[in-house]
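Comments concern the structure below.
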Amino acid sequence: MTVTPIPALVTQDAARALPRQALLLLCAAYVLPGLFGRDPWKNADLTAFGQMLAMAEGRSSWWTPTLGGVPADPALLPHWLGAAAIWLTSPWLDPALAARVAFALLLVLTLSALWYACFALARTEAAQPLEFAFGGGAGTVDYARAMADASVLAVVATLGLLQLGHETTPELAQLASVALAQWALAAAPYRRLRVRLAILVALPALACSGAPTMAAVIGLVGALICRQSSFEPVRRFAPWVLGATALAAAAAGLIGAWTWRAAHSLDASTLGSIARQWLWFLWPAWPLALWTLWRWRFQLLRRHIAVPLTILVTALAANVTMGGSDRALMLGIPGIAVLAAFALPTLQRSTSSAIDWFSVFFFTVGAIAIWVIYLSLHTGVPAKPAANVAKLAPGYVSQFSLLALTAAVTASAAWLWLVRWRTSRQRAALWRSLVLPAGGVVLAWTLLMTLWLPVLDYARSYRAHVIQLAKHVGQSGCVAAPGMHRALVAALEVHGRWTVDATDGASRGPCQVLLVSTKRVARPPTLPGWTLVASEARPTDRDDVTLVYRRR
């Protein structure tokens, strides 16, 4: 029996496109919640925003940024983006919202670049499904469009991107750069000028956003893939990829972005933790990607598999060498989403049904739990959830919002409609297996960012802690905080509006107030020349305390 190298067999009915309005609405429901009505959250989100705000307000240099007088993150490009957004919209827009809008546009760019990359790869001859003997097979463009829709659904359904994709951190700029680079490598046969400009922007942007090593690896492997292609336009694209790689290396050296972040050692426990991280972070894309690699194993060197596989393997390697960094793992999502999409033409109906039923059960139960805790906080029935929240977040006072309640009710009703629509009408479409996982993630995120947003903001923001410290710091314009965690330094500057000196010699400077972060101890240390005024713990973290000293 002969084995065909192309395992896909797709009918024209299966290649139907997801309605544009539905796809755009789903993406909007994924991007917009969490954009409004909250503070920057600890730790990376607040640290990055504090650096952007300091640059926008002129308290820090744009070329050599500092936070509390201490050298800050050398990933300049994303901080420039956030600082520029704050500066351009001041004073009409809240600075935190201005920065989040800029980074939300990066998430939109990621989704758009992913769609066009998968569309271009699915149009290649090696990726096309087999033709039926008597007609009725999927058209080239229809098949590619359905696969591109599936890739976007795979990204939305990925659990690991949910929080990280809604922060104002350099990694989101890295993600957009990776997605743009993937599109440039994918669309090389079709868009000559555009892909050349894209690769010249994507790889240097990735390097200047804090990932120069990944930019170099993607560039070198991408050039090799292009060089081995059977398409002449793709082979001519290889020198441009190498040029962009060299430009990325030079740009990273110019701004000092070449830093060694590898873990010192990797033991069996760490590797086991990394493996468990992969299982939940990349769900549900990873089982589909593995199925793709098996079913398309005779096509591994073809661009529709080799390009996304390069993105994914590079991110996995970075994740392992950095000791399990979830932010490095996030950069593999554009690649694994494309691989997951190519599993769908070969997926059995029983497997698709299993994914559907698991999604319905998991996200429905999760939504019910969110609603129960919300009702407990506002009505006291049942009493146990409200008591648990009061224990975990002492001092929190429930806040009711009619707008948030309306949005949550609408999202819940849309979920019920989506379940009925998927199970009753869409049985043949390629993207059917990813509709419910993506819709379930959007439902959970919307409910969390509406019903639970006040309590989550109270728990994950430093605002309440800074208010505690302000009672003892008073109107002092200068605060010494030597060696303090960068997130708390950013909180003192953002929420307290104090001038913070976090350098090692800050206690010998002119500041009349000294803050020391430490673990809770029975007897706080006595510092020569300083008098202990107070000891304040974060409401939601009773083990970590901040000691307030005043100069004698």
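For the pair Thr89 (side chain) and Trp92 (backbone), a donor-acceptor distance under 3.5 Å is absent. With hydrogens and angles ignored, the 3.5 Å screen pairs no side-chain donor or acceptor of Glu493 with any backbone N or O of Ala54. The backbone N or O of Arg463 sits less than 3.5 Å from a side-chain atom of Ser461, completing a donor-acceptor pair. In this structure, the side chain of Ser90 does not engage the main chain of Trp87 through any donor-acceptor pair within 3.5 Å. A donor-acceptor contact shorter than 3.5 Å is absent between the side chain of Gln163 and the backbone of Leu161. Distance alone, capped at 3.5 Å, places no donor-acceptor pair between the Arg327 side chain and the Leu164 backbone. Using modelled atom types, one side-chain atom of Arg303 and one backbone atom of Ala186 make a donor-acceptor pair closer than 3.5 Å. The backbone N or O of Met55 lies less than 3.5 Å from no partner atom in the side chain of Ser60, so there is not a single donor-acceptor pair. Side-chain atoms of Ser273 do not come within 3.5 Å of backbone N or O of Ser269 as any donor-acceptor pair.
Relative to the ring axis of Trp41, Arg38 places its NZ or CZ within 45° and under 6.0 Å from the centre. Geometric assessment of Arg538 against the ring of Tyr462 yields a positive cation-pi assignment under the 6.0 Å and 45° thresholds.
Using a 4.5 Å cut-off on side-chain heavy atoms (C-beta onward), Val441 and Phe363 make contact. Between Cys478 and Trp498, the closest side-chain pair of non-hydrogen atoms is not below 4.5 Å. Residues Thr546 and Val516 form no side-chain contact, since every pair of their non-hydrogen atoms from C-beta on lies 4.5 Å or further apart. With a 4.5 Å cut-off on side-chain heavy atoms, Cys511 and Val513 do not count as touching. Taking 4.5 Å as the limit, some side-chain heavy atom of Ile370 sits within range of a side-chain heavy atom of Leu448. Looking at Phe281 and Ile333, their side chains come closer than 4.5 Å, going by heavy atoms from C-beta outward. Counting heavy atoms from C-beta outward, Met147 and Phe119 have side chains that stay 4.5 Å or more apart. At least one side-chain heavy atom of Val152 sits under 4.5 Å from a side-chain heavy atom of Cys27.
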| said: Is there a side chain to side chain contact (heavy atoms under 4.5 Å, CB included) between Ile274 and Trp278? Walk through the geometry before answering. | reply: CA-CA 6 Å; Ile274 291 174; Trp278 290 4; 3.5 Å; yes

| query | side chain to side chain contact (heavy atoms under 4.5 Å, CB included) between Ser507 and Leu527: does it pass, once the steps are laid out? | reply | CA-CA 10 Å; Ser507 60; Leu527 303 180; over 6 Å; no

| Candidate pair Leu114 and Trp183, rule side chain to side chain contact (heavy atoms under 4.5 Å, CB included), full reasoning | CA-CA 7 Å; Leu114 172 69; Trp183 173 77; over 6 Å; no

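Thr169 approaches Phe103 most closely through the heavy-atom pair O-CE2, 3.2 Å. What you find for Ala99 and Phe49 is that their closest heavy atoms are CB-CD1, 4.1 Å.
Taking the salt bridge (Lys or Arg N to Asp or Glu O under 4.0 Å) definition, one finds that Asp501 meets it with nothing, sequence neighbours left out. For Thr270, the side chain to side chain donor-acceptor pair (under 3.5 Å) criterion is met by Asp267, not counting sequence neighbours. Not a single salt bridge (Lys or Arg N to Asp or Glu O under 4.0 Å) links Glu536 to another residue, sequence neighbours left out. Residues satisfying the salt bridge (Lys or Arg N to Asp or Glu O under 4.0 Å) criterion with Arg508, sequence neighbours excluded, are absent altogether. Listed by chain and residue number, Val545, Leu547 satisfy the side chain to side chain contact (heavy atoms under 4.5 Å, CB included) test with Thr518 (two or more places apart in sequence, or in another chain). Under the ring pair (Phe, Tyr, Trp, His ring centres under 6.0 Å) criterion, His465 pairs with no residue at all, not counting sequence neighbours.
Summarising the local packing, CH2 of Trp445 is surrounded by more than 12 heavy atoms from other residues, nucleotides or ligands at distances under 6.0 Å.
For the residue pair Gln277/Asn319, the side-chain donor-acceptor check at 3.5 Å is satisfied.
We find the CG-CG distance between Leu456 and Asp39 to be 12.5 Å, quoted to the nearest 0.5 Å.
Salt bridge absent: Arg100 and Asp94 never bring a charged side-chain N and a carboxylate O closer than 4.0 Å.
Between His166 and Tyr30, the ring planes are perpendicular. Angles over 60° get that label, and only those under 30° would be called parallel.
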